[in-house]
Amino acid sequence: MKSSDHSLEYRFWQNAVHEKDWKDALDFLLASLRKEMVFDNLAIYIIDENGQKSDIAYARAIGREKDAEADANWGEEIADKAIEKKEIVLEVPNEEKSIEKRVNSTYLIGLPLTASGKLIGAFSLVRFGGPEYTQEDINTASLASVVIAYVFEKKALQESIIELEKVQRQMRLQDDFVSTISHELRTPLGFIKGYSTTLLRDDTEWDEETSREFLTIIDEETDHLTELIENILESARLESQTLDMNFQPLRLDLLIRDVITRVNARYEKFEIIFNSDCEQIIQGDNTRLAQVFENLFSNAVKYAPNSKVEILIQSNLDDFIQVTFTDSGVGISEEHLPFIFDRFYRVPDQPKKAGTGLGLFICKRIIEAHHGKIWAESEDKKGTSFIIQLPAR
Ligand code: ADP
């Protein structure tokens with residue numbers, strides 16, 4: 001090795017350890033390696049969890065040959081050999097080819113990558129037109145292979161941590177969900193049981209008006225219960241991606257007007273301002289899209305009581321129609337905003353309202369099934385806007 005072994009080792013390792021991004025770490029390593037030995041291209045192949053060699057994981061052409069830069073295949077064969085033999089493999093060009101063109105005169109070195117005693121892939125270097133690799137070059141490349149294996153092991157570890165955090169969050173949500181759902185189911189059941197037992201009492205005669213009032217409560221609570229159970233089943237179906245969609249030509253402005261009429265009938269005092277410049281026909285599932293807006297309204301009733309809701313449809317955008325649904329309710333703080341579309345997620349620091357954390361999850365899945373997007377923008381204590389974009393054609 002040209003520099004003193006220790007300083008080379010130090011330079012190889014320092015960025016691999018400190019760089020957060022694995023590609024940056026490899027870029028630095030490549031630059032350090034290039035100072036130590038001559039090569040034109042470098043390629044790294046990693047074995048995936050099924051034991052198959054993946055596509056190229058990282059490749060850089062330092063580029064004395066532009067043709068070769070475009071074609072990373074040169075490294076694949078030697079990497080395969082290094083993986084198969086689990087040892088360093090060298091290849092020099094055959095005589096005939098090398099006379100024709102320098103790019104055909106490839107001096108290759110393939111090195112297996114091992115992390116924690118396990119073969120994880122291989123990396124290869126190529127020199128167009130030689131000279132042959134010296135023992136010193138081979139030693140330097142071996143040292144680089146240790147660092148590369150470390151970088152990929154660290155990358156795999158970081159990915160596992162992210163995955164684990166996701167699973168943990170999901171488990172916490174499931175736990176919360178069980179307690180929420182038992183509460184949510186018990187409340188209407190309690191009403192139904194209470195009022196029906198009261199009506200059935202032998203020792204009391206109920207006048208017509210009171211009986212009707214009690215039966216209305218039972219009727220409403222049964223609807224509530226049905227809706228809740230449907231939401232739970234629907235979210236389970238959506239989780240396993242088996243939602244049937246019935247796409248038909250429809251007008252979004254008319255669909256939303258229908259929903260508004262229903263909402264107005266139910267909540268008389270709810271003020272809704274509706275503006276639309278859109279008479280365009282799109283492909284969509286009428287019932288499902290109505291469900292999305294009904295959900296947004298039922299949230300506005302809960303989280304923005306006494307606030308007016310403004311709905312704007314814009315069709316003068318490139319390839320999509322945009323619906324903005326704005327309330328001036330409790331809002332959602334920044335830290336919770338990224339999660340509100342997750343299954344079971346409920347913002348913890350809001351006033352307690354009945355709910356399961358399934359509504360927005362269902363909305364998102366329905367919009368995505370329409371190849372659209374939905375997201376929220378919000379300012380804590382000021383209000384929330386839900387923005388939906390659906391493809392115009
Ligand atoms: P649910 O209302 O049943 O809890 P959703 O999935 O519809 O479930 O909503 C998830 C969470 O997002 C709610 O629990 C609430 O914390 C928050 N949220 C939804 N809509 C609004 C809104 N308009 N304003 C403020 N917070 C909202």
Side-chain angles (χ1 to χ4, degrees), residues 169-170 172-188 220-221 223-239 243 256 259-260 263 266-267 269-274 288-312 323-369 372-388:
R169 207 172 57 232
Q170 199 59 33
R172 260 199 313 275
L173 292 177
Q174 303 257 22
D175 277 354
D176 291 351
F177 177 71
V178 172
S179 51
T180 311
I181 206 70
S182 20
H183 171 80
E184 290 294 318
L185 289 173
R186 269 203 205 108
T187 314
E220 281 174 2
E221 291 302 324
D223 284 349
H224 181 167
L225 207 55
T226 312
E227 192 188 317
L228 193 67
I229 290 167
E230 262 166 19
N231 267 351
I232 297 168
L233 292 178
E234 181 119 305
S235 89
R237 271 200 296 271
L238 283 164
E239 192 78 326
L243 186 77
I256 295 178
V259 177
I260 293 175
V263 171
R266 213 155 132 202
Y267 309 101
K269 291 202 191 113
F270 204 49
E271 192 188 342
I272 301 167
I273 299 168
F274 180 61
R288 296 288 181 195
L289 286 177
Q291 193 182 352
V292 169
F293 294 103
E294 272 156 16
N295 247 321
L296 295 184
F297 274 116
S298 97
N299 279 353
V301 170
K302 288 192 283 187
Y303 307 108
N306 311 319
S307 119
K308 63 172 180 274
V309 165
E310 288 186 55
I311 301 165
L312 174 67
V323 185
T324 314
F325 189 106
T326 307
D327 66 51
S328 40
V330 295
I332 300 162
S333 53
E334 215 179 323
E335 58 179 306
H336 298 294
L337 207 52
F339 307 113
I340 57 166
F341 294 94
D342 287 358
R343 197 172 176 216
F344 309 140
Y345 197 84
R346 310 198 69 209
V347 177
D349 50 19
Q350 283 175 344
K352 277 271 156 284
K353 297 285 171 185
T356 52
L358 292 175
L360 289 179
F361 168 79
I362 294 174
C363 290
K364 190 172 166 93
R365 286 300 173 97
I366 294 174
I367 296 297
E368 282 172 352
K373 282 194 233 161
I374 178 169
W375 72 95
E377 292 168 5
S378 183
E379 215 179 315
D380 202 11
K381 313 227 165 30
K382 294 247 168 81
T384 308
S385 288
F386 288 92
I387 298 122
I388 294 174

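Throughout, residue positions are numbered sequentially from 1 according to the sequence presented. Ligands are counted one by one from 1 in listed order, and the atoms in each one are counted from 1 as well.
Checked against salt bridge (charged side-chain N to carboxylate O under 4.0 Å, His left out), Glu227 has no partners two or more places apart in sequence or in another chain. Not counting sequence neighbours, Phe293 has no partner by the ring pair (Phe, Tyr, Trp, His ring centres under 6.0 Å) test. Ser378 meets the side chain to side chain donor-acceptor pair (under 3.5 Å) test with Thr384; sequence neighbours excluded.
To the nearest 0.5 Å, atom CG of residue Asn299 and atom NZ of residue Lys353 are 11.5 Å apart.
Taking 4.0 Å as the cut-off between side-chain N and carboxylate O, Arg169 and Asp342 count as a salt-bridged pair.
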Next item on the list: Please step through salt bridge (Lys or Arg N to Asp or Glu O under 4.0 Å) for the pair Arg266 and Glu294, ending with a clear verdict.
Entry: CA-CA 12 Å; Arg266 213 155 132 202; Glu294 272 156 16; over 6 Å; no

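Residues lining ligand 1 at a heavy-atom distance below 4.0 Å are given as Asn299, Lys302, Tyr303, Asp327, Val330, Gly331, Ile332, Ile340, Tyr345, Arg346, Val347, Gln350, Gly355, Thr356, Gly357, Leu358, Gly359, Leu360, Thr384, Phe386, ordered by chain and residue number.
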